[in-house]
Amino acid sequence: MAKKKKATKKKVAKKKVAKKKVAKKKVAKKKVAKKKVAKKKTGSDQRMHDSLLELIRVTSTVIPDDVQKVILEALKREEKNTNAEYAMNIIKKNIELAKTKSQPMCQDTGTILIYVNHPRGFDQSSFNKILKKAVVKATKLGYLRQNSVDTLTGKNETMNIGAGHPSVHFHEWGKGQVEIKCMLKGGGCENVGAQYDLPNTNLEAGRDLDGVRKVILDAVHKAQGKGCGPGILGITIGGDRGSGFIESKEQLLRKLDDKNSNAELAKLEKDIVETSNKLGIGPMGFGGKTTLLGCKIGVLNRLPASYFVTISYMCWAYRRQGVSLKKDNTIQKWVY
Ligand code: SF4
């Protein structure tokens with residue numbers, strides 16, 4: 001009987017040891033799996049960082065094809081040996097030099113605007129951290145000038161990182177892919193943006209498309225040479241004051257040669273460019289035939305009590321680029 005008890009005890013002890021071994025193995029396996037996940041995430045984060053850095057570099061140094069095309073057309077249009085032709089030639093040379101030397105095409109590398117289209121489950125806070133690192137690196141490498149300052153002190157100590165900078169806009173979409181667009185918007189052209197509240201009695205502008213046309217042309221006239229024209233307008237009709245400006249900048253993400261799906265707005269966009277180019281303001285305000293290179297108009301719902309027309313003005317240094325990413329966060333293709 002004593003022998004039997006001893007054998008049973010041994011069996012139980014053995015079982016316990018075996019159980020412990022299994023548990024240990026499980027913990028070890030979990031650790032390895034965790035390490036693997038962490039390694040994968042680090043690699044994926046690094047690739048996102050590198051893709052963002054390249055996106056910023058290209059945005060700052062290479063003008064998109066659709067913009068280059070209209071700039072060269074404008075240069076051809078200007079009369080020989082005029083200030084306008086001279087200004088357009090300087091713009092052309094700046095663009096070529098920036099691309100060859102991989103240097104910013106203007107000393108003002110502007111507000112950094114980032115637009116992210118992403119699928120459900122995208123980690124926005126981790127993206128923001130990676131983006132900030134990429135912006136600091138881009139600033140150190142000279143792709144961006146260090147020109148975002150603390151508003152109250154005027155000091156510039158943060159390598160383009162600070163409250164509201166860069167400005168990031170996330171949009172969840174139905175596709176499985178991540179698409180990131182970057183726009184660098186200079187301060188000079190931002191200063192000549194405007195918002196009108198219709199009706200405007202001074203301009204005899206009512207709450208209709210004719211009124212909209214009047215206030216847009218007023219903004220172009222007021223900008224004159226300021227804002228480094230020839231310019232491109234991004235416009236919102238409607239919305240509230242805040243959404244109007246956000247949407248007007250998103251209009252600047254459209255390709256210059258696209259056509260508005262609303263026939264009336266397509267007509268208005270064309271008319272605004274043609275009429276502005278007859279105002280004689282010209283490149284940099286030197287006179288000539290090219291005051292605007294493009295105009296893009298969007299519409300938002302509004303309240304019956306208000307009717308805003310919001311205008312974002314972009315300078316000739318129309319820096320916007322975009323990338324679609326592969327699953328591993330490397331660049332699959334360029335948008336513009
Ligand atoms: S408005 Fe544009 S072109 Fe003019 S200084 Fe600023 S970024 Fe440069």
Side-chain angles (χ1 to χ4, degrees), residues 55-64 66-72 74-75 78 83-114 135 138-139 142-149 151 154 156 159-160 164-167 181-195 219-235 245 248-249 251-253 256 276 281-288 290-296 310-321 336:
L55 173 62
I56 294 168
R57 183 190 74 78
V58 174
T59 309
S60 177
T61 60
V62 184
I63 206 95
D66 60 323
V67 181
Q68 171 132 13
K69 187 170 167 264
V70 290
I71 286 177
L72 293 179
L75 172 60
E78 294 300 346
N83 285 340
E85 192 212 19
Y86 178 70
M88 289 309 295
N89 260 321
I90 289 190
I91 289 171
K92 183 177 168 249
K93 274 186 193 143
N94 274 352
I95 290 171
E96 287 165 354
L97 216 64
K99 190 175 177 182
T100 326
K101 295 197 164 187
S102 205
Q103 278 177 358
M105 70 188 77
C106 181
Q107 36 79 33
D108 175 7
T109 52
T111 299
I112 306 162
L113 294 148
I114 301 285
V135 167
T139 312
Y143 305 150
L144 296 172
R145 282 278 309 281
Q146 202 175 324
N147 52 5
S148 167
V149 302
T151 294
N156 181 348
M159 305 296 273
N160 281 317
H165 204 250
S167 171
K181 289 179 180 169
C182 174
M183 183 154 65
L184 301 176
K185 192 164 187 310
C189 60
E190 184 70 0
N191 289 345
V192 295
Q195 190 166 60
V220 173
H221 180 74
K222 278 186 181 144
Q224 290 290 316
K226 292 173 280 174
C228 299
I232 301 94
L233 304 183
I235 293 164
F245 271 115
S248 67
K249 285 187 177 138
Q251 285 295 315
L252 292 170
L253 296 173
L256 279 178
S276 298
I281 298 168
M284 302 288 178
F286 287 160
T290 317
T291 298
L292 285 187
L293 296 171
C295 172
K296 301 290 167 189
T310 308
I311 301 156
S312 281
Y313 188 103
M314 176 62 96
C315 57
W316 67 264
Y318 188 3
R319 293 154 294 179
R320 56 134 162 76
Q321 200 31 280
Y336 298 101

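For ligands, and for the atoms within them, numbers begin at 1 and follow the listed sequence. Please read these numbers as outputs of a predicted model, since none were measured by experiment.
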Indicate whether the side chain of [X] and that of [Y] have a donor and an acceptor atom separated by less than 3.5 Å.
X      : Y      : result
Gln103 : Thr61  : no
Thr310 : Gln195 : yes
Asp108 : Asn147 : yes
Ser102 : Arg57  : yes
Thr139 : Asn160 : yes

Which heavy atom of the protein is the closest neighbour of [atom], given with residue, atom name and distance?
atom                    : value
atom 2 (Fe) of ligand 1 : Cys315 SG, 2.4 Å
atom 7 (S) of ligand 1  : Arg319 NH2, 3.2 Å
atom 6 (Fe) of ligand 1 : Asp108 OD2, 3.2 Å
atom 4 (Fe) of ligand 1 : Cys228 SG, 2.3 Å

With a 4.0 Å cut-off, would you call Glu190 and Lys249 a salt bridge? yes
Contacting atoms of ligand 1, where contact means under 4.0 angstrom from a heavy atom of [X]:
X      : result
Gly186 : 6 (Fe), 7 (S)
Cys106 : 3 (S), 5 (S), 7 (S), 8 (Fe)
Gln107 : 5 (S)
Cys189 : 1 (S)

